[in-house]
Amino acid sequence: MSTAGGPRRVTMTPAGRRVLEAAERLFYERGIHAVGVDLIADEAGVTKKTLYDRFGSKEQIVVEYLADRDDRWRAFLAQHLDAAQPASAARVLAVFDASRAWSAQHSPKGCSMVNAHAEISDPAHPAYAIITGQKQWMLALFTDLAGDISPDGAEHLGRTLMLLHEGALVAHGLNILPDAIRHAREQAQVLLATTGDSAAKR
């Protein structure tokens with residue numbers, strides 16, 4: 001994620017990377033507000049002074065945590081999109097496949113951005129732009145893919161796909177129905193087939 005026009009990022013040292021790895025685990029498992037810098041430093045095996053020397057504040061650690069997750073998610077998703085068939089419908093479904101695989105490996109408690117937004121709702125917080133920016137990026141991706149399927153209805157289709165995707169992430173995190181992301185993928189597939197047929201008849 002670029003620093004230009006976005007939150008400030010820090011250059012990672014080995015000690016900084018250990019702090020970030022500990023913070024990621026703790027923030028995701030326990031919540032951002034529930035985790036203090038003393039615990040992060042202890043888990044990372046560094047002094048609190050080292051932590052502050054590397055990051056300056058807990059807010060900056062939160063920025064790095066979310067930005068790093070977003071960077072890794074985008075790279076993970078890019079691999080799935082590159083491996084998908086070139087047809088836009090297949091690429092849309094690849095997004096759901098990537099989310100399902102990512103959630104199984106990295107997000108058993110739901111989307112880290114959604115979870116963070118439950119604790120960070122102040123636009124002035126430096127991490128807020130990362131949270132909302134990631135979701136805006138996902139909406140733009142769905143809308144772009146939808147444009148090849150239904151040029152006249154790309155915005156509407158993109159929003160619908162986004163809602164299916166985000167709803168599935170929330171349902172996955174709450175564990176209120178089995179394999180929510182797979183179910184959302186199936187509904188997206190039906191939607192894409194219907195939309196594609198309608199567009200072909202115009």
Side-chain angles (χ1 to χ4, degrees), residues 1-82 95-142 162 165-166 168-170 172-174 181:
M1 190 172 292
S2 173
T3 55
R8 180 179 69 86
R9 301 291 301 276
V10 300
T11 301
M12 286 294 159
T13 63
R17 176 56 60 182
R18 292 200 303 276
V19 169
L20 184 58
E21 289 172 354
E24 176 178 1
R25 184 179 69 256
L26 293 166
F27 286 156
Y28 188 78
E29 290 177 354
R30 305 187 188 186
I32 291 169
H33 291 334
V35 174
V37 293
D38 289 312
L39 179 58
I40 295 172
D42 185 59
E43 290 286 316
V46 302
T47 65
K48 195 158 70 167
K49 180 181 183 301
T50 296
L51 182 150
Y52 279 116
D53 285 345
R54 298 295 181 271
F55 295 91
S57 67
K58 179 183 173 181
E59 281 189 345
Q60 188 62 39
I61 300 175
V62 176
V63 166
E64 298 298 333
Y65 155 59
L66 292 172
D68 185 67
R69 292 270 297 195
D70 188 29
D71 289 343
R72 289 188 288 116
W73 157 245
R74 295 192 195 201
F76 186 86
L77 175 57
Q79 293 178 344
H80 278 74
L81 290 173
D82 289 344
V95 178
F96 287 85
D97 291 336
S99 287
R100 188 166 179 250
W102 174 272
S103 295
Q105 295 177 33
H106 305 289
S107 300
K109 298 177 68 174
C111 174
S112 58
M113 299 295 168
V114 172
N115 295 348
H117 188 262
E119 299 189 75
I120 301 171
S121 58
D122 181 2
H125 192 290
Y128 186 85
I130 297 171
I131 298 168
T132 56
Q134 199 267 352
K135 296 308 179 185
Q136 290 164 353
W137 183 81
M138 289 297 299
L139 176 59
L141 172 65
F142 278 123
M162 178 72 171
H165 181 262
E166 294 303 307
L169 294 182
V170 172
H172 166 79
L174 294 173
I181 302 173

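Only heavy atoms go into these numbers, but all of them, side chains included; no hydrogens, no water, no symmetry mates.
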Identify the heavy atoms of [X] and [Y] that sit nearest to each other, and give their distance.
X    : Y    : answer
A98  : L77  : CB-CD1, 3.7 Å
H172 : S107 : NE2-O, 2.9 Å
M113 : Q134 : CG-OE1, 3.8 Å
S121 : P123 : O-CD, 3.3 Å

Mind checking salt bridge (charged side-chain N to carboxylate O under 4.0 Å, His left out) for [X] and listing every partner two or more places apart, or none if nothing turns up?
X    : answer
D68  : R17, R72
R54  : none
E166 : K135
R18  : none

Should the pair H106 and F76 be assigned to parallel (<30°), tilted (30 to 60°) or perpendicular (>60°) ring geometry?
perpendicular
Do the side chains of S112 and Y65 get nearer than 4.5 Å, heavy atoms only?
yes
Can you name the residues that form a side chain to side chain donor-acceptor pair (under 3.5 Å) with T47, not counting sequence neighbours?
T50
Separation of [Y] [atom2] from [X] [atom1] (nearest 0.5 Å):
X    : Y    : atom1 : atom2 : result
L169 : I181 : CG    : CD1   : 5.0 Å
L51  : K49  : CG    : NZ    : 11.5 Å
Q60  : R8   : CD    : CZ    : 4.0 Å
H80  : S99  : NE2   : OG    : 9.0 Å
I130 : E64  : CD1   : CD    : 7.5 Å

Which residue pairs pass the salt bridge (Lys or Arg N to Asp or Glu O under 4.0 Å) test when at least one of the two sits in residues 99-116, sequence neighbours left out?
R100-D179
Tell me which donor-acceptor pairs under 3.5 Å the side chains of residues 30-46 have, and how far apart each pair is, sequence neighbours excluded?
{"unit_1": "H33", "atom_1": "NE2", "unit_2": "E119", "atom_2": "O", "d": "2.9"}
{"unit_1": "D38", "atom_1": "OD1", "unit_2": "K48", "atom_2": "NZ", "d": "3.2"}
{"unit_1": "E43", "atom_1": "OE1", "unit_2": "R25", "atom_2": "NH2", "d": "2.7"}

Any ring pair (Phe, Tyr, Trp, His ring centres under 6.0 Å) involving residues 35-62? Give me the pairs, sequence neighbours left out, ordered by first then second residue.
none
ring-ring contact (aromatic ring centres under 6.0 Å, His included) against [X], all qualifying residues, sequence neighbours excluded:
X    : result
W73  : W102
Y28  : none
H165 : F96, F142

For A127, all residues meeting side chain to side chain contact (heavy atoms under 4.5 Å, CB included), sequence neighbours excluded
V62, V63, L66, I120, H125
